2 protein chains.
Amino acid sequence: MRGSIPAATIARLPLYLRGLAELEPGQPTCSSDQLASSAGVNSAQVRKDLSYLDPPGVRGVGYNAAALRDLLRRELGLTRRYCVVIAGAGNLGRALTVYPGFEESGFDVVALVDSDQGKAGTTINSVVVKAIDELESIVAKESVDIGVIATPAGAAQEVADRFVGAGVRSILNFAPAVLKRPEGVEVRRVDLAGELQILAYHLSQAR
Amino acid sequence: MRGSIPAATIARLPLYLRGLAELEPGQPTCSSDQLASSAGVNSAQVRKDLSYLDPPGVRGVGYNAAALRDLLRRELGLTRRYCVVIAGAGNLGRALTVYPGFEESGFDVVALVDSDQGKAGTTINSVVVKAIDELESIVAKESVDIGVIATPAGAAQEVADRFVGAGVRSILNFAPAVLKRPEGVEVRRVDLAGELQILAYHLSQAR
């Protein structure tokens, strides 16, 4: 087994994959400079990141684009598709359901669940909204891999606990709450207000 | 002037601020352990992060919660409010417009702009959708600080250029595209599909 790859490197692999997707059709090789601009880092960082993967490159020519794409997809575990359930059928949950990048990347939203019984049975882009009571049965039946939490902050922990209890080991949390979780469950949080606060920091520093 | 603060530390300051907001009302002090759990790091990291700010702490007692909150807000530039325009009135743009965390944190969405003339004049939570032609005049009139891009990927660069041309120096990009930008403009990208890909990596490693 190879050594473990730093988390910051893992976080850039999707960006390199996107950079490869944006090459001219038929372009056989890709320089570290091209990948660098797609990830917003310098080319030395690209070479360092990719060195963990033992990539198919030729000095002075660049990386073999098709082989590197396959390698990145394999490394990221994207050689299969993943089933996703989104909890919370408000604006954010609905936006995520129709976000085109998910399906393109191999993530299929199989259901939305919501605590509002009145929403059950409605559809968003052919995805059916179900009562949250059905969360466990949906996870079992569809072999759900990833739970996305798009509920208000106050409901996030309970929903996370239900996902984990049903056997989901990966959670993407959009609610403004830090979740407690058992060992072995991976939680990533997208902190929308936090992103704006970081921009505010840079605005205030620029004065 | 103090030395510069590492970007990773800056990115955690909003989480510490949220941790402080979640203390019991009236709790006068806060330990680094409590802050650590709100940011998902260990307490040594909290102490190191906060050491950049020269925080109001007493050994063995913890940080003075109110003073630390003020310090973090000052450091992040949150002692004023910021005007935000969202480009793209699709599901994601609408979700962001009504996201409660923005207003709570001091960010006021003053308008949505969209290239679809048919959407102009509609309102979302009392925020009016305007034609994208009005972007420059809105930025000037409302002294817009931050532009949020919630358009399809193909439109993102043009919208970013228009924000920058109008004088906006901070951009939060949700479109799956890396933006070119002039020096002095801060761009943060929220990569929704990339977040799922990182979860896929952990799922595939866990096998």
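None of these values were measured; they are calculated from a predicted model.
- Heavy-atom distances place both the backbone and the side chain of B:Ile10 under 4.5 Å from chain A.
- Contact of A:Thr97 with chain B is not made at all, since no heavy-atom distance falls under 4.5 Å.
- Looking at heavy atoms from C-beta onward, B:Tyr82 lies out of side-chain contact with A:Leu199 at the 4.5 angstrom threshold.
- Between B:Leu203 and A:Ile146 there is a side-chain heavy-atom pair separated by less than 4.5 Å.
- Ranking B:Arg189, B:Glu104, B:Arg18, B:Lys180 against chain A, the residue ahead of the rest is B:Arg18, based on heavy-atom pairs under 4.5 Å.
- The neighbour count for A:Gln45 CD, taken as heavy atoms of other residues, nucleotides or ligands under 6.0 Å away, is above 12.
- Taking 4.5 Å as the limit, every side-chain heavy atom of A:Phe107 sits out of range of all side-chain heavy atoms of B:Leu192.
- Rounded to the nearest 0.5 angstrom, A:Glu186 CD and B:Tyr201 OH are separated by 10.0 Å.
- Heavy atoms closer than 4.5 Å to chain A are found nowhere in B:Ile124, neither backbone nor side chain.
- In this structure, B:Gln197 CD and A:Leu17 CG are separated by 5.5 Å, a value rounded to the nearest 0.5 Å.
- Residue B:Asp145 holds its CG atom at 11.0 Å from OG of A:Ser204, rounded to the nearest 0.5 Å.
- Your options are B:Leu172, B:Leu196, B:Leu76, and the one with the most heavy-atom pairs under 4.5 Å with chain A is B:Leu196.
- Using a 4.5 Å cut-off between heavy atoms, B:Leu96 contacts chain A through its side chain alone, with no backbone atom that close.
- A 6.0 Å sphere centred on CD of A:Gln27 holds more than 12 heavy atoms belonging to other residues, nucleotides or ligands.
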